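Heads up: the structure comes next, in structure tokens.
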Amino acid sequence: MANPARRPLIAGNWKMNLGGRQGLDHRRRLADEIAAQADNQPQLVVLAPFTALPLLPEALAGTPVEYGAQDISAHDSGAFTGDISGPMLTGFGCRYVLAGHSERREHHGETDEVVHDKVAAALRHRLTPILCVGEPLTVRTAGQHLRHTLDQAERALTGPPVDDLTALVIAYEPVWAIGTGHVATPDDAQEVCGAIRGHLADRYGPAAAEQIRLLYGGSVKASSSAAILRQPDIDGALVGGASLDPGELAAIWRSAQPRT
Ligand code: 13P
């Protein structure tokens with residue numbers, strides 16, 4: 001059983017889907033499913049494409065569903081063609097942003113240093129960064145998954161001061177589990193999340209480590225979520241494909257029982 005002080009968080013990463021008006025129906029259906037969310041219930045966040053952000057305040061008004069973006073520029077303004085800054089995201093009411101998703105690391109060459117700067121930019125603008133870490137299959141097969149994942153976390157959080165780490169969320173997303181249908185076992189997910197929390201405790205002290213929420217992501221579905229979410233160091237899930245189905249996302253959210 002995880003620390004009840006950490007409110008469970010279910011985040012749906014829509015990736016490059018539901019970017020415009022065609023997603024409005026999804027949001028209405030999700031809002032209907034979640035209508036009764038109370039303070040002590042799990043938090044539900046959707047991470048939408050930039051083009052959907054202007055539509056979200058109206059689509060989610062009066063619902064408890066929160067929202068954020070999938071990427072942030074490390075810079076606040078200037079000659080960075082195609083990038084979106086922290087102030088632009090907060091201007092659309094975003095409260096969350098992903099940093100270092102493996103698809104950005106792979107397809108956009110984002111290094112740990114870039115990821116570090118994005119986490120820092122999010123914190124600077126009072127956005128909650130969801131830092132993604134996780135190993136590819138070759139690293140797991142070689143038994144190096146803990147070292148690899150802790151190194152990613154360490155490099156993303158060092159360098160220039162990261163001012164308020166307790167606002168941080170870290171998502172363990174093993175690359176081999178993303179979009180493959182091969183969800184990690186609850187024990188495997190707990191092993192890594194437990195190691196991350198232990199590392200945070202060594203680095204920043206037990207009190208800070210106890211406050212930081214850790215998520216698991218990678219082929220999470222309603223049929224697998226409850227067992228993963230029961231693990232002591234797992235405080236929620238980062239859901240890709242299954243989040244495109246409002247009923248499935250709501251079922252995952254319901255499986256994240258409030259901690260008593
Ligand atoms: P899937 O749930 O589709 O495996 O995606 C996970 C993910 O990448 C969430 O960020």
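Just so you know, ligand 1 is whichever comes first in the structure, and atom 1 is the first atom listed for that ligand. Keep in mind that this is a model prediction, so the values were computed, not measured.
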Pick from G179, G240, A242, S243: the one approaching atom 4 (O) of ligand 1 most closely through a non-hydrogen atom: G179
Ligand 1 N/O within reach of L238 N/O, cut-off under 3.5 Å: no
Whether S102 lies under 4.0 Å from ligand 1, heavy atom: no
Given R230, R197, R213, the one that forms salt bridge (charged side-chain N to carboxylate O under 4.0 Å, His left out) with D235: R197
For S219, the ligand 1 atoms whose distance to one of its heavy atoms is below 4.0 Å: 1 (P), 2 (O), 4 (O)
Side-chain donor-acceptor contact under 3.5 Å, Q43 with E66: yes
K118 with E110: basic N within carboxylate O range, under 4.0 Å: yes
Identified side chain to side chain contact (heavy atoms under 4.5 Å, CB included) partner of Q70 from the options F50, W14, Y96: W14
Atoms in ligand 1 flagged as close to G241, the criterion being non-hydrogen separation under 4.0 Å: 1 (P), 2 (O), 3 (O)
Under-4.0 Å heavy-atom contact with ligand 1, by part of N13 that carries it: side chain
Sidechain N-carboxylate O distance under 4.0 Å for R28, D32: no
Salt bridge present between K221 and E248 (N-O < 4.0 angstrom): no
N or O pair under 3.5 Å between E103 and ligand 1: no
Where ligand 1 meets A177 - atom numbers and elements under 4.0 angstrom, heavy-atom basis: 4 (O)
Region of C132 that comes within reach of ligand 1 [heavy atoms, distance under 4.0 Å]: neither
From L30, L56, V45, residue fulfilling side chain to side chain contact (heavy atoms under 4.5 Å, CB included) relative to V65: L30
4.0 Å heavy-atom contact, G218 with ligand 1: yes
Under 3.5 Å: N/O of E173 near N/O of ligand 1: yes
H145 and E191 side chains, donor-acceptor separation under 3.5 Å: yes
Within-shell test, K15 vs ligand 1, heavy atom, strictly < 4.0 Å: yes
